[in-house]
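Take a look at the structure set out below.
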Amino acid sequence: MARYDPQTVEPRWRAAWDEKACFRAERDPARPKYYVLEMFPYPSGRIHMGHVRNYAMGDVVARFKRARGFNVLHPMGWDAFGMPAENAAIERGVHPAKWTYENIAAMRAQLQAMGLSLDWSREIATCDPEYYGRQQALFLDMLEAGLVYRKASMVNWDPVDQTVLANEQVIDGKGWRSGAPVERRELTQWFFRISAMADDLLSAIDGLERWPDKVRTMQRNWIGRSEGLQLRFEMVANALLPDWRDLEVYTTRPDTLFGAGFCAISADHPLARALEPKLPGLPEFAAECRRLGTSEEEMETAEKAGFDTGLRVRHPFDPDWTLPVYVANFILMDYGTGAIFGCAAHDQRDLDFARKYDLPVIPVVAPTDADPATFAVGDEAYVGPGRLINSRFLDGMTVEEAKAETIRRIAEAGRGEARVNYRLRDWGVSRQRYWGCPIPVIHCRECGVVPVPKDQLPVRLPDDVTFDQPGNPLERHPTWARCLCPRCGGPARRETDTMDTFADSSWYFARFTAPHAETPTSAEDIAYWMNVDQYIGGVEHAILHLLYARFWCRAMARTGHLPPSAVEPFDALFTQGMVCHETYRSADGRWLTPDEVERSGEGAVETATGRAVEVGPSVKMSKSKKNVVDPERIIATYGADVARWFMLSDSPPERDVEWTAAGAEGAARHIQRVWRLVDGAADALPGPGAPFADDAATLALRRATHRAIAAVTADIEGFAFNKAVARLYDFTNTLARAGDAPGAALREAFETYALLTAPMTPHLAEALWARLGRATLVAETPWPAADPELTKADEIRIAVQVNGKRRAEIAVAPDADNAAVEAAALADPDVARALGGAAPRKVIVVPGRIVNVVV
RNA sequence: GCCCGGAUGGUGGAAUGGUAGACACAGGGGUUUCAAAAACCCCCGCCGCGAGGCGUGCGAGUUCGACUCUCGCUCCGGGCACCA
C-alpha cells in the first residue's frame, strides 16, 4: 500500500488537465455560461494565505459549476501598477517593470501549483500596454462624453522630498521617508464625474440582491444622500471684505436654525482665503489646518479648533441677531458649501466646538418625555426626535415639520432653497507617479488640453527613467513629455500624471471576456460572458473598488463599450474574511515568525535561543508583525490540496480564519486517510455499473452516500464551504466503518466521495477516481445527483420540552400527525415524571421539530 | 470621530425562533508495537458522587420556547476617498 505522495501525484493531474485544456473557456451560445471571478492580486512577489483562501473559494465555485454543466469562465490576471514597484525602484534600484514582471512570474508559478481551474490563456497584466492602451481609449471616450474634467484639489505634499504622498505615506503628519511635516497643497488634477451618477449608483443598490447587506449599507452611507437646506446668511458690513454680501451654508438640520450659535468655514473656503492676508494670526491658523493632511479620519479625530474672524452674519429670521464666523479645522471644503452654521445643542462636533470657545448652547429640540422649560444639554448633544422649543414660530412642531417649515420660509424670503446633497465626491484619478497608466492628453500653449488621437495610442511609459531623486520621473524625463500638439502642430507637453490604479481594476473583468481584442471590449464576448455571476474578494474593497467599478461600467455603457445590461457588472458578490495567525514577540521586543518559534503547551520559546516568547493575539497575517505562513512552503510540505482543504474548513468563508500548524497537519492526515481507505478497498470492488444488492447494509450505505450528495451540494451552493468540508469528514467516517458493505454500494460511495471532494481537493479526487479504475477525469465528470428516495428519513427523533426545558426525546414517523406526536410525548415516562402529575395547560407541537408541554 | 461587521467549550466552529456544542483541532485513556511514528477504538462545556443545576461577550425586553428578534452597553476587527 503506497502512501499518498502529493509531490508526485499533484503535478501529474495538473498536467492531465492542461493536456486536455479542461479549463479553457470558449464562447458557446448553446451552453449556459457561468463567470466566476476572484479579485485579481497585486503582484507583490509571493502569494499569501489570503490569496490561497480567496482562490480556493473561487475554484470550488468554478469546478462545481463546471460539473453542473455550465460553460465556466474563470480567469486570472495582475493588478500590476502601483506604488510598491516604485518603492522597490527607489530602495533597491530595480526598474518597476522588471520587478513587476519577475513578481508576476513567481506568483503565477505559485498559483499554478495550487491546481486552480483557471484559463491562463486569458491572463492580463494592467501594466501591459496591451491593457493600459485600451484603458487610455476608454479615458478619451469618457473625456469626450464629459465624464472627466480637471479642477484644483488638495494633495499631501512633502516639502523636503518635493513629492506628493499617499495617505499611507503620511505617518503622524510627517512624510514617511523625509520625516518632514506634511502640508496640504493644491494641484490641478483630473477627476471622474462620479457624483453626477450618485443618484443612479444609490438607487441601483436596491437591485444588487445577491450582494451582502453590509456592503450595500456601506455603499449607501458612502454615497450619503441627504436632503437639506442651502441657505445664504447675510454678512454684516465690514471693512475687511466690503464686497462679500453672503455666506452660503448647507445644513441637514434646518429645524435647528434658532439654535444656531456660530458659523464655521473651512480653511480652504474662498472667504477664508480672502481673509488670510488681512487678518493677523489667520495665516498661521490656516497653515495649522493644512498640516492635517487630506484624510477625513485625520480631520475628524483632530481636536476641534477654530479662529474667530471677527466677521458676523445675520440670522435670517432676525436681523438684530448676529452670529460669529469662525474658520474651523473640521469643516471639509469638499462637502456641501464648505461652510456650516453650528447648532451646539444638537450636533456633537458643534457642541465640542462651542464648549471650547464659550459659544451659546441653545436647545431647540426637546425629547417628548422631557420638560421643555428645563431641558438642557450637557456634554452630550441631543440628536434624537422631539418637539421644537425656543424657536418662535416653530415651537411645538416635530423635527420633520420644523425642517419643512424652515425651508418654506427661507425660500419665501429668497435666502435659500431645499437641496439634495451627496457625501460622495468626484473621483480624483491624477497620480504624480511613474508606474501607472499615462493619462492620454497633451497640453498645448495655444490649444489648451488636447486629447491624444486614438491612432497614437498607447501612450507608452518610457523605459529609461531614474528613481535617484524624489518627484515624478515622467515630469523630469528629458524627452518623453515633449511632443507636438495634435491640433496645431506646435510644441506641446504630455500630461505627466498617471491614473489611480483603481481605474485599472474598474474594468479588468470586462477585458477578461476578450483579453486580446483590438478594442477595449468585444460586443459578442461581452454579450455572452457578462456579467460576472460570482465575484469573490476581501471586504476591505467593499466601498472604493466596487463603487468605482460600478461607476466605470456606467461610463463604459455611455461611451458604447458595454451594453446597458452590464452597468452592474457583478451579479453576486461574496466577501471573504482574512487569514490570521497568532503573533510572537521575543523578550527584547522583536517580532518572530512562526518558523522561529516552538509552541509548547501554554507557552512558546524561540527555537534559536530557547528563551520564552510572548504569544500575542491572532491577527491578520502581515509582514510588519511577521505572523505569516508562506503558502509555498505549505504546498511543498503537504501539497496544494491540504492548503486548499484547510483554508476551506472550520471557519465560515465570510469570517476570519486562523492558520494553525495543527490544523494543517489535521488536513494532511485526513487526505492520507481517504487515500488509504480507497486504496485498500479498490481492488476488491466490482466494476462500475454492478447492480446493488437488496439488503439492509446496501440501503444504509446508499442512504449515507445520497445524504452526503444532497448536503454537500446545498452547502457549496450556499457558500458554506466549511459545512461542506464537515459533511465530507462525516462521510469519511461512514466510509471507514463500511469496510464490509456490499461492493456495489461501496463503489458508489467511494466514487461519490471522489466527485464531492473534487471542488476542494481536485488532485486527490483525480487520484481516487483513477484508483477506482476510471479512465476519465473527474474534471470532466458531471456532479452526482442525490436520489430523493434515499435521502428521506424513515424515523425522526424529536425533543420534548416541559415549560421550555428539554426533558425527553421520542422517536416518531416523519409523517406522524400532531395528535399522535402529542400522545407519544405525554406517554413518555420522563415527561410524566417532569410533569409530576400536573395537567398540561397547552401542548405545542412543531411538526418534525419539537413538542413543548406547558403547565 | 463617522460608517459597517463580529463575539458560542481549551481552540476553529454547527444550530429555517424549536434537543446548544455537528464536524474538526488540541487534550486524556486504551489497542497495536521491542520501541517510536503511523493507524484504530473510547472520553472530552462548566459545577455536582448523583439526582440535577448552570451555560452562546454584558444588562434588559418580546415569546410556550431566544445563539437566533428588539433596545442599551463592552471588547475586537474592516473602511474613511493617494495602500491594494
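Naming: A, B, ... by sequence-line order, numbering from 1 per chain.
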Need the pair for [N]. Rule: Watson-Crick or G-U wobble, both distances under 3.5 Å, any strand; none if unpaired.
{"N": "rG77(B)", "value": "rC4(B)"}
{"N": "rU62(B)", "value": "none"}
{"N": "rG55(B)", "value": "none"}
{"N": "rA84(B)", "value": "none"}
{"N": "rU33(B)", "value": "none"}
{"N": "rU11(B)", "value": "rA24(B)"}

When you compare [N] with [M], how far apart are their [atom1] atoms, in angstrom units rounded to a whole number?
{"N": "rG21(B)", "M": "rA35(B)", "atom1": "C1'", "value": "39 Å"}
{"N": "rC69(B)", "M": "rU56(B)", "atom1": "C1'", "value": "15 Å"}
{"N": "rC49(B)", "M": "rA37(B)", "atom1": "P", "value": "35 Å"}
{"N": "rG29(B)", "M": "rA20(B)", "atom1": "C1'", "value": "27 Å"}
{"N": "rC43(B)", "M": "rG9(B)", "atom1": "C1'", "value": "15 Å"}
{"N": "rG57(B)", "M": "rU8(B)", "atom1": "P", "value": "6 Å"}
{"N": "rA36(B)", "M": "rC42(B)", "atom1": "C1'", "value": "22 Å"}
{"N": "rG12(B)", "M": "rG65(B)", "atom1": "C1'", "value": "29 Å"}

pair M578(A)-D656(A): side-chain heavy atoms closer than 4.5 Å: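 Sidechains of D656(A) and M578(A): in contact.
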Validation row, ring centre F721(A) to ring centre F719(A) under 6.0 Å: yes
Ring centers of F646(A), Y638(A) separated by less than 6.0 Å: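 So the answer is no for these two rings.
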Positional range of nucleotides in RNA chain B within the contact set of chain A, heavy-atom, under 4.0 Å: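 Here the contact window of chain A covers rG1(B) to rA84(B).
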Verdict with supporting geometry, R431(A) and M83(A), side-chain contact (heavy atoms from CB on, under 4.5 Å): CA-CA 10 Å; R431(A) 296 294 180 269; M83(A) 293 198 308; over 6 Å; no
D730(A) vs K842(A), nearer the 5' end of RNA chain B by closest nucleotide: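 Residue closer to the 5' terminus by nearest nucleotide: D730(A).
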Residue mapping more 5' on RNA chain B - nearest nucleotide basis, N722(A) or Q801(A): N722(A)
What is the nucleic acid contact for [X], judged by heavy atoms within less than 4.0 Å: base, sugar-phosphate only, or nothing?
{"X": "F330(A)", "result": "nothing"}
{"X": "S649(A)", "result": "nothing"}
{"X": "N852(A)", "result": "base"}
{"X": "D334(A)", "result": "nothing"}
{"X": "P41(A)", "result": "nothing"}
{"X": "V155(A)", "result": "base"}
{"X": "D656(A)", "result": "sugar-phosphate"}
{"X": "R423(A)", "result": "base"}
{"X": "G428(A)", "result": "sugar-phosphate"}
{"X": "E654(A)", "result": "nothing"}
{"X": "M299(A)", "result": "nothing"}
{"X": "R807(A)", "result": "sugar-phosphate"}
{"X": "V725(A)", "result": "nothing"}
{"X": "S430(A)", "result": "base"}

Syn/anti state of rG9(B) by chi, 90° boundary around 0: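 rG9(B): syn.
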Is there a donor-acceptor contact under 3.5 Å linking the side chains of [X] and [Y]?
{"X": "S430(A)", "Y": "D497(A)", "value": "yes"}
{"X": "Y508(A)", "Y": "W78(A)", "value": "no"}
{"X": "N421(A)", "Y": "S226(A)", "value": "no"}
{"X": "D504(A)", "Y": "Q135(A)", "value": "yes"}

K151(A) to F191(A), cation-pi by 6.0 Å centre distance and 45° axis angle: yes
For the student: nearest non-hydrogen atoms of P653(A) and N722(A), plus distance: CD-OD1, 3.8 Å
